[in-house]
2 protein chains.
Amino acid sequence: MVDKTYTISDLAQEFGITTRTIRFYEEKGLIHPLREGQKRLYNAADRVRIKLILRGKRIGMTLQESVDVIDMYDPSRNNTQQLHSLIDTIARRRAKLIQQKKDIDDMLAGLDEVQELCEKSLGKRRRKT
Amino acid sequence: MVDKTYTISDLAQEFGITTRTIRFYEEKGLIHPLREGQKRLYNAADRVRIKLILRGKRIGMTLQESVDVIDMYDPSRNNTQQLHSLIDTIARRRAKLIQQKKDIDDMLAGLDEVQELCEKSLGKRRRKT
DNA sequence: AATTACGTTGACGCAAACGTAAGCTTGAAT
DNA sequence: ATTCAAGCTTACGTTTGCGTCAACGTAATT
């Protein structure tokens, strides 16, 4: 792949967000697109960061939390101290995610029940007609 | 159970939130505690609603979304029209939840990778000493 | 009587995550 | 030459979800 780039509206369209949102992410230091003249030019890495930020948003993370997670992939941590601290951070994040999965499963189970009641109720009505 | 009731600080403590938060939920119409004189008195149903609201929050739902989900359990929907509409709503919510689970699994997989790299790096260092 | 603990009602404050509008530039198309 | 879409900056506005006083009431304790 020959260093594919994207305009701001390319990415806005792809992800279903506004250009304002993308510029806002830059304002907050979440991405750092290059410039071609005055225009922003996004590369594959920028695109992935946005994708991961949006994934974080979908599960209720703040922008900063998403960035924190993304930055875990950054291998610029070298000393033992930092590595241990990173492992702790990962453990905490993992615990949160597992709780979230449980919450989701609980809610899904609830929806199943409600749906059954709905269908039972509709079934009765059909039988009546 | 003889209609157990709770004070505002009972619930605040149990759920690790502030009394301000609970009053805020009431302000927004999410709960409707009785009054004993001037003081709020919460029953089991109020307590469950708060619990479900907090569960919603953990997976990134807004307060209103949580309430919408909670209200699905309310069996005061009778006509066929409403039941079909409710089934649609459930389907959409279920789809969202399933996407969230996928997002969480993806993120967990990412954390696994990062952790392995961490431990590999720490392992090397131990071998050096 | 005074302190302490817990409760109440305003009311203002605040961070997060954008929306929205104004006004200017720039390159491409008619 | 002009129009038009797409981009830019600046800046104020909005919603959500509480935090944080202030000022007061009530009930039990010392």
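Everything numeric in this text was worked out from a predicted model, so none of it was measured. Numbered from 1 within each chain, the chains take letters A, B, ... in sequence-line order.
- Distances shorter than 4.0 Å separate none of the side-chain N or O atoms of A:Y25 from OP1 or OP2 on C:dA17.
- Remark on DNA chain C: of its neighbouring residues B:D10 and A:L63, the 5'-side contact belongs to B:D10, judged by nearest-heavy-atom nucleotide.
- Checked by atom type and distance alone, the side chain of B:R49 pairs as donor or acceptor with a backbone atom of B:L30 at under 3.5 Å.
- Between B:I59 and B:Q100, some side-chain heavy-atom pair lies under the 4.5 Å cut-off.
- A:T18 places none of its side-chain heavy atoms less than 4.5 Å from the side chain of A:I22.
- Between A:E65 and A:R93, the closest side-chain pair of non-hydrogen atoms falls below 4.5 Å.
- Looking at A:S66 and A:K57, their side chains never come closer than 4.5 Å, going by heavy atoms from C-beta outward.
- Regarding B:E36, its CD atom lies at a distance of 11 Å from the P atom of C:dT8, rounded to whole Å.
- Take the nearest nucleotide of DNA chain D for A:L41 and for B:T62: the residue whose nucleotide is more 5' is A:L41.
- Remark: C1' of D:dC8 and CD of A:E26 are 11 Å apart, rounded to the nearest angstrom.
- Counting only heavy atoms from C-beta outward, the side chains of A:Y25 and A:L54 approach each other to under 4.5 Å.
- As rounded to whole Å, 14 Å separates atom C1' of D:dG19 from atom CD1 of B:I17.
- Taking 4.0 angstrom as the limit, B:S9 places a side-chain polar atom (N or O) nearer than this to OP1 or OP2 of C:dG7.
- The distance from atom CD1 of B:I8 to atom C1' of D:dG25 is 16 Å, rounded to the nearest whole Å.
- In this structure, A:I22 atom CD1 and D:dA6 atom P are separated by 15 Å, rounded to whole Å.
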Can you tabulate the close N/O pairs, meaning under 3.5 Å, that link protein atoms to atoms of nucleotides 9-11 of chain D?
residue: D:dT9; atom: OP1; partner: A:R35; partner atom: NH1; Å: 3.3
residue: D:dT9; atom: OP1; partner: A:R35; partner atom: NH2; Å: 3.4
residue: D:dT9; atom: OP2; partner: A:R40; partner atom: NH1; Å: 2.9
residue: D:dT9; atom: OP2; partner: A:R40; partner atom: NH2; Å: 2.7

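- Taking only side-chain nitrogens and oxygens, A:T18 never comes nearer than 4.0 Å to OP1 or OP2 of C:dC18.
- One finds a side-chain N or O of B:T21 lying less than 4.0 angstrom from the OP1 or OP2 phosphate oxygen of D:dG19.
- Distance, B:Y6 OH to C:dG7 P: 16 Å, rounded to whole Å.
- When the P atom of C:dA28 is taken as reference, atom NZ of A:K39 falls 8 Å away, rounded to whole Å.
- OP1 or OP2 of C:dC18 sits under 4.0 Å from a side-chain N or O of A:K57.
- With rounding to whole Å, B:I31 atom CD1 is found 14 Å from D:dC18 atom C1'.
- Contact record, B:Y42 with B:T7: CD1-C, 4.0 Å, taken as the closest heavy-atom pair.
- Here A:T7 reaches the OP1 or OP2 of D:dG7: one of its side-chain N or O atoms lies under 4.0 Å away.
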